[in-house]
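Below is one structure; the comments refer to it alone.
Values below: every heavy atom of this structure, side chains too, minus hydrogens, waters and symmetry copies.
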Amino acid sequence: MSAPAPSTLAIVDAEPLPRQEEVLTDAALAFVAELHRQFTPRRNELLARRGERRAEIARTSTLDFLPETAAVRADDSWKVAPAPAALSDRRVEITGPTDRKMTINALNSGAKVWLADFEDASAPTWENVVLGQLNLTDAYERRIDFTDPKSGKSYALKAADELATVVMRPRGWHLEERHLQLDGVSVPGALVDFGLYFFHNAQRLIDHGKGPYFYLPKTESHLEARLWNDIFVFAQDYVGVPQGTVRATVLIETITAAYEMEEILYELRDHVSGLNAGRWDYLFSIVKNFRDGGAKFVLPDRNAVTMTAPFMRAYTELLVRTCHKRGAHAIGGMAAFIPSRRDAEVNKVAFEKVKADKDREAADGFDGSWVAHPDLVPIALASFDAVLGEKPNQKDRLREDVSVAAGDLIAIDTLDARPTYDGLRNAVAVGIRYIEAWLRGLGAVAIFNLMEDAATAEISRSQIWQWINADVVFENGEHATAELARKVAAEELAAIREEIGEETFTAGKWQQAHDLLLQVSLDQDYADFLTLPAYEQLR
């Protein structure tokens with residue numbers, strides 16, 4: 001008797017979308033189902049391991065390089081696979097969601113790479129998940145255009161040789177995709193995003209002289225990198241493309257991953273092209289993991305934690321040294337400023353800060369860096385052009401002068417700055433405004449001239465939580481308490497109502513956002529990710 005046919009994926013609780021049949025083909029869904037069968041059990045084990053490791057940090061208030069992988073770090077003979085031509089020069093990368101207008105603008109921006117984001121810059125509505133895939137395929141087939149219904153302005157792609165190379169970022173391991181289920185179990189969002197994109201585009205990209213390139217978010221250990229490597233091997237065999245076609249760049253945006261950079265590169269050595277320094281999620285991870293570590297782990301206002309802080313310097317310098325030792329790209333952090341159309345002086349000051357930040361990264365040995373807006377591309381480009389000239393990268397700068405001890409990465413108390421009352425107000429204001437937009441399906445939001453994404457909201461709510469639980473006293477003598485947070489949140493909500501008017505306020509999700517921010521900031525049981533309870537409310 002023959003074995004029963006495997007179950008197929010079910011699309012659950014989702015309104016039909018235009019052209020969804022082009023993305024959700026039977027063959028593509030069968031591939032995603034197979035990824036789910038093969039790899040979700042290991043993903044679940046690794047999520048449980050995160051909890052165990054976090055409990056160990058709570059017990060010891062410290063982290064160290066892993067003794068069991070010392071041989072990997074000591075072995076100077078191994079290198080990562082050489083970068084493909086399309087990823088050799090990454091001096092400026094622009095980030096953003098995959099809506100139709102952003103797809104065209106990012107590809108046309110003049111940046112070398114576009115991080116096409118299904119993660120922190122995209123609220124994972126079913127529409128964003130499916131139509132984002134469609135927009136990328138349409139772009140590769142040059143059948144994409146966009147006319148803004150408000151301004152009437154039209155957007156179209158430039159010539160192929162002027163377009164950025166796409167590096168796609170799937171969701172992190174912790175998120176589910178509730179609209180795709182196998183036998184009643186939701187498929188991890190990471191496998192949905194990766195699977196649909198890889199299945200439809202791997203061969204198409206090879207035919208265009210590029211390949212399926214990925215940014216891997218929220219990685220916490222080399223074992224999670226090993227899981228991704230096994231997925232890449234399986235996927236390449238499944239669709240019949242050569243092994244080594246995939247290239248991944250791993251975001252070092254968790255404090256635990258900072259202690260395993262070499263091991264992460266080693267696990268992915270046939271499929272990796274670099275590491276990236278992700279600032280806000282990195283700070284969020286420090287707060288999350290050391291939240292009960294006492295006063296020495298209390299972070300000041302987020303804007304006071306610059307990349308020149310000693311523990312942040314240790315992190316970025318170690319990243320450059322590690323990457324170049326192993327032949328990988330080191331990609332710097334985000335310039336999140338959004339230029340003002342009304343205030344030239346604000347722009348002048350901000351542009352100078354962006355230039356100083358990118359000058360520092362280029363001088364430190366980074367091979368490229370991120371910007372959030374096309375107007376910042378020329379500024380970042382100039383900083384890296386000045387150092388690189390005609391060279392595509394500076395991987396030959398080995399930074400052997402860098403020496404980072406385990407304690408340097410968590411020396412938070414080397415900062416002079418302290419939390420302020422204005423910092424609390426800003427965390428509340430940004431948190432409410434971002435979450436409200438996210439609940440409406442927007443993942444990348446301009447707030448106070450900065451492009452904010454989910455990492456911003458995470459650091460905002462984490463700092464509120466940390467300051468209250470550490471009984472911080474602000475410079476005005478007020479104690480950080482739940483009552484104070486509620487008072488500030490109520491005042492901010494009233495100010496927003498006044499600013500935008502009753503009709504717009506009522507049409508939005510402001511009260512819901514206010515309540516959710518307070519929930520994840522004040523609950524004694526700290527939620528691992530804000531997006532987990534938020535996703536339950538995303539419709």
Side-chain angles (χ1 to χ4, degrees), residues 19 22-23 28 81-118 121-122 131-148 153-170 193-194 196-215 236 239-242 244-249 271 273-274 329 331 367-378 380-382 384-385 388 390-393:
R19 297 176 61 198
E22 297 174 44
V23 176
L87 285 179
S88 182
D89 188 334
R90 305 178 62 171
R91 66 188 71 196
V92 182
E93 304 191 351
I94 193 167
T95 73
T98 54
D99 60 87
R100 217 153 176 87
K101 179 181 172 182
M102 180 66 195
T103 296
I104 298 167
N105 282 347
L107 289 169
N108 287 345
S109 67
K112 297 291 185 182
V113 165
W114 171 36
L115 185 157
D117 200 5
F118 286 81
S122 179
L131 299 189
Q133 297 277 353
L134 194 64
N135 291 337
L136 292 177
T137 302
D138 279 354
Y140 299 145
E141 293 298 304
R142 297 193 67 85
R143 57 183 183 221
I144 190 169
D145 54 33
F146 178 79
T147 301
D148 191 309
K153 184 178 178 183
S154 293
Y155 300 82
L157 290 179
K158 294 179 179 177
D161 61 356
E162 296 181 63
L163 301 182
T165 294
V166 174
V167 181
M168 182 271 214
R169 180 163 70 168
D193 299 338
F194 165 81
L196 293 175
Y197 181 76
F198 183 88
F199 185 85
H200 289 299
N201 297 301
Q203 188 60 55
R204 178 181 276 120
L205 286 161
I206 293 167
D207 295 344
H208 289 179
K210 297 189 176 180
Y213 306 141
F214 298 93
Y215 257 110
Q236 288 165 127
V239 304
V241 299
T245 301
V246 170
R247 282 294 190 277
T249 306
H271 296 106
S273 63
H329 281 80
I331 307 299
D367 303 292
S369 190
W370 281 8
V371 299
H373 192 278
D375 287 359
L376 302 184
V377 170
L381 205 54
F384 280 89
D385 286 350
L388 296 178
E390 295 299 310
K391 293 196 316 180
N393 54 63

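Shortest non-hydrogen contact noted between R247 and P84 is NE-CD, 3.5 Å. Listed here is the closest heavy atom pair of R142 and A159: NH1-C, 4.1 Å. Annotation for G211 and L205: closest pair O-CD1, 3.4 Å, computed over non-hydrogen atoms. Between I94 and A372, the shortest heavy-atom contact is CG1-C, 4.4 Å. Counting all heavy atoms, side chain and backbone alike, A116 lies closest to V166 at CB-CG1, 3.9 Å. In this structure, A86 and Y213 approach most closely via the heavy-atom pair CB-OH, 3.9 Å.
The side chain to side chain contact (heavy atoms under 4.5 Å, CB included) search around L388 returns R91, F384, Q394, not counting sequence neighbours. With sequence neighbours excluded, the residues satisfying ring-ring contact (aromatic ring centres under 6.0 Å, His included) with F194 are F198, F214, W228, F232.
Contact of the F146 side chain with the N135 side chain is not registered, since no non-hydrogen atoms from C-beta on lie closer than 4.5 Å. Counting heavy atoms from C-beta outward, P212 and N201 have side chains that stay 4.5 Å or more apart. Inter-residue side-chain proximity for Q203 and V239 is flagged as unmet; no heavy-atom pair is nearer than 4.5 Å. Taking 4.5 Å as the limit, some side-chain heavy atom of L87 sits within range of a side-chain heavy atom of V113. Within the 4.5 Å cutoff, side-chain heavy atoms of Q133 are placed close to those of M168. H200 is not listed as a side-chain neighbour of E22, based on a closest heavy-atom distance of 4.5 Å or more. Between R90 and I331 there is a side-chain heavy-atom pair separated by less than 4.5 Å. Here the side chains of I144 and Y155 are not in contact, with every heavy-atom distance at 4.5 Å or above.
Judged purely by atom type and a 3.5 angstrom limit, H373 uses its side chain to pair as donor or acceptor with the backbone of D375. Judged purely by atom type and a 3.5 angstrom limit, N108 uses its side chain to pair as donor or acceptor with the backbone of K158. A donor-acceptor pair under 3.5 Å is formed between the side chain of Q236 and the backbone N or O of G244. A donor-acceptor distance shorter than 3.5 angstrom exists from the side chain of S109 to the backbone of A106, with no hydrogens or angles considered.
Each of D138, D145, T147 was compared with R100 under the side chain to side chain donor-acceptor pair (under 3.5 Å) criterion, and only D138 meets it. Here the rule is side chain to side chain donor-acceptor pair (under 3.5 Å) with R169, and of D193, T95, T98, D117 only D117 fits it.
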Full working for side chain to side chain contact (heavy atoms under 4.5 Å, CB included) between E162 and L157: CA-CA 9 Å; E162 296 181 63; L157 290 179; over 6 Å; no
Criterion side chain to side chain contact (heavy atoms under 4.5 Å, CB included) on H329 and T249, from CA distance to verdict: CA-CA 8 Å; H329 281 80; T249 306; over 6 Å; no
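To the nearest 0.5 Å, the span separating NZ on K112 from CG on L163 amounts to 12.5 Å.
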